[in-house]
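First up is the structure itself, then whatever we jot down about it.
We count residues from 1, following the sequence as given. Numbering of ligands and ligand atoms starts at 1, following listing order.
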Amino acid sequence: MNKNKSSQWFQRACQVIPGGVNSPVRAFKSVGGNPVFIERAQGAYLFDVDGNRYIDLINSWGPMILGHAQQDILNAVEEAIHKSFSFGAPTEKEVLIAELICEMVPSIEKIRFVNSGTEATMSAIRLARGYTGKNKILKFEGCYHGHGDSFLIAAGSGAATTGVPDSAGVPQSIANDTLTAPYNDLRAVENIIDSNPDQIAAIIVEPVAGNMGCVPPENGFLQGLRNICDKKNIVLIFDEVMTGFRLAQGGAQQLFNVIPDLTTLGKVIGGGLPVGAYGGKKEIMDYISPSGPVYQAGTLSGNPIAVSAGLATLRYLYQHNEIYVQLEQITQNLCQKIEHNIAKTGVKATVNRVGSMFTLFFTEQKVTNFSSAKTSDTETFAKYFNLMLEKGIYLAPSQFEALFVSAEINQEIVEYISQANLESLRKISAMM
Ligand SMILES: *Cc1c(COP(=O)(O)O)cnc(C)c1O
């Protein structure tokens with residue numbers, strides 16, 4: 001596969017952009033080699049600047065659930081751009097998309113739009129703090145909530161319940177207010193709450209974790225969090241930036257039937273354009289400025305082009321609920337074939353899946369939290385990634401990511417991926 005132009009562009013990029021990329025995970029640092037530069041995409045396929053074609057299993061890290069350049073979305077954006085690009089004043093479509101989301105997502109009565117998932121989670125915890133008058137938040141190891149200071153926190157060592165900064169530039173004073181527990185561990189959550197009485201404003205969780213690879217909630221975990229939050233007057237935030245409109249029309253909260261107080265959204269909600277949002281109970285949402293004392297604003301929030309893409313995407317999903325059945329069936333089928341290939345080749349690996357999100361972990365352990373995810377052999381993953389890329393399949397360039405299936409992935413493509421997977425696992429098995 002010829003990647004000359006991509007390599008040249010990457011060299012130029014590295015001169016003027018830190019690491020050559022505008023988001024770290026796009027670099028191929030953990031798998032070796034240089035990133036491919038994409039020129040365009042259509043349906044299930046990406047095309048790079050050297051003319052190579054790839055089956056896309058990232059789909060812009062989630063948003064492109066309908067596949068690339070879907071006609072309805074294209075029409076909506078095209079219609080919108082002729083009316084200019086931004087007004088900084090209210091528009092009809094902001095109301096229409098807000099109404100639609102309130103109808104689709106069980107917990108959302110009111111919603112505020114922002115420009116990214118990061119903005120949504122940052123704003124949601126400020127709101128939870130303003131509403132409860134408490135300062136600390138609790139998050140789970142391996143869950144990602146964007147790059148806000150309060151979330152770039154790793155677990156402290158030993159029995160310490162206070163976190164430590166996970167990035168240079170995050171002050172310890174901020175880390176002191178972020179507590180961390182292992183995913184799927186209700187006992188740990190209870191212990192942390194007992195040692196921080198009346199200090200925790202919010203628990204924030206990915207209801208299906210996707211940012212340590214795909215890790216489903218165990219039976220009772222989400223309901224357990226709901227019960228604890230009710231008892232202790234803590235705001236429960238489901239970060240559905242990845243799972244919202246991905247796992248069901250109403251997201252993970254609908255799939256697992258557990259209702260959070262606040263929900264953060266992003267990715268699918270913008271259909272590929274930059275949109276984020278946070279919403280929930282009226283009583284809490286009315287604490288936001290200008291109706292309440294919690295300040296939050298945005299020059300481009302509710303941007304008319306972005307909202308047009310988002311509204312068209314959500315309308316399509318609203319009118320085609322059968323898409324979720326189709327995505328479930330096709331992804332289940334793909335994962336069964338991969339599991340079959342694992343058994344056939346004897347490679348030490350396991351597959352986690354919820355709906356159209358899945359991860360192939362190179363470990364024999366069952367992956368239920370961050371520490372079991374980290375037992376994966378990342379060198380083997382790197383080999384696997386590059387073997388699949390050579391066969392024209394674009395996976396996330398890190399072991400600790402979920403893959404996403406779009407509605408454009410059909411049975412024929414599933415057969416091709418499965419065959420490529422088998423051949424790659426055979427090579428890996430021969431190398432061991
Ligand atoms: C992607 C993601 C974010 C951050 O969204 P950005 O738009 O990248 O800022 C936050 N939370 C979760 C669960 C995500 O998957």
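Numbered from 1 in the order shown, with element, the atoms of ligand 1 that lie under 4.0 Å from a heavy atom of Ser116 read 7 (O), 9 (O). Residue Met242 approaches ligand 1 through these ligand atoms, each under 4.0 Å from one of its heavy atoms: 15 (O).
For ligand 1, one of its N or O atoms has an N or O atom of Gly117 under 3.5 Å away. Between His145 and ligand 1, no N or O atom pair is found at a separation short of 3.5 Å. Close N/O approach between Glu206 and ligand 1 is not found [any backbone or side-chain N/O within under 3.5 Å].
Closest to atom 3 (C) of ligand 1, if we only count protein heavy atoms, is Val241 CG1, 3.7 Å. In this structure, the protein non-hydrogen atom closest to atom 1 (C) of ligand 1 is Lys267 NZ, 1.6 Å. Of all protein heavy atoms, the one closest to atom 8 (O) of ligand 1 is Thr118 OG1, 4.5 Å.
A 4.5 Å side-chain heavy-atom check between Leu57 and Ile417 finds at least one atom pair inside the cut-off.
Ring to ring, Tyr144 and Phe151 are not that close: their centroids are 6.0 angstrom or more apart. Ring to ring, Tyr183 and Phe221 are close: their centroids are under 6.0 angstrom apart.
Here the options are Ile193, Asp198, Leu225, Val189, the test is side-chain contact (heavy atoms from CB on, under 4.5 Å), and the partner is Ile234; only Ile193 passes. The side-chain contact (heavy atoms from CB on, under 4.5 Å) with Tyr278 is formed by just one residue from the set Thr121, Ile288, Leu262; it is Ile288.
Only the side chain of Asn211 comes within contact range of ligand 1, with a heavy atom under 4.0 Å; no backbone atom does.
Counting only non-hydrogen atoms, the option in Asp239, Val208, Val205 that gets closest to atom 11 (N) of ligand 1 is Asp239.
Every residue meeting the side-chain contact (heavy atoms from CB on, under 4.5 Å) condition with Gln71, not counting sequence neighbours, appears here in chain and number order: Leu74, Asn75. Legend: residues meeting salt bridge (charged side-chain N to carboxylate O under 4.0 Å, His left out) with Glu328, ordered by chain and number and at least two apart, are Arg353.
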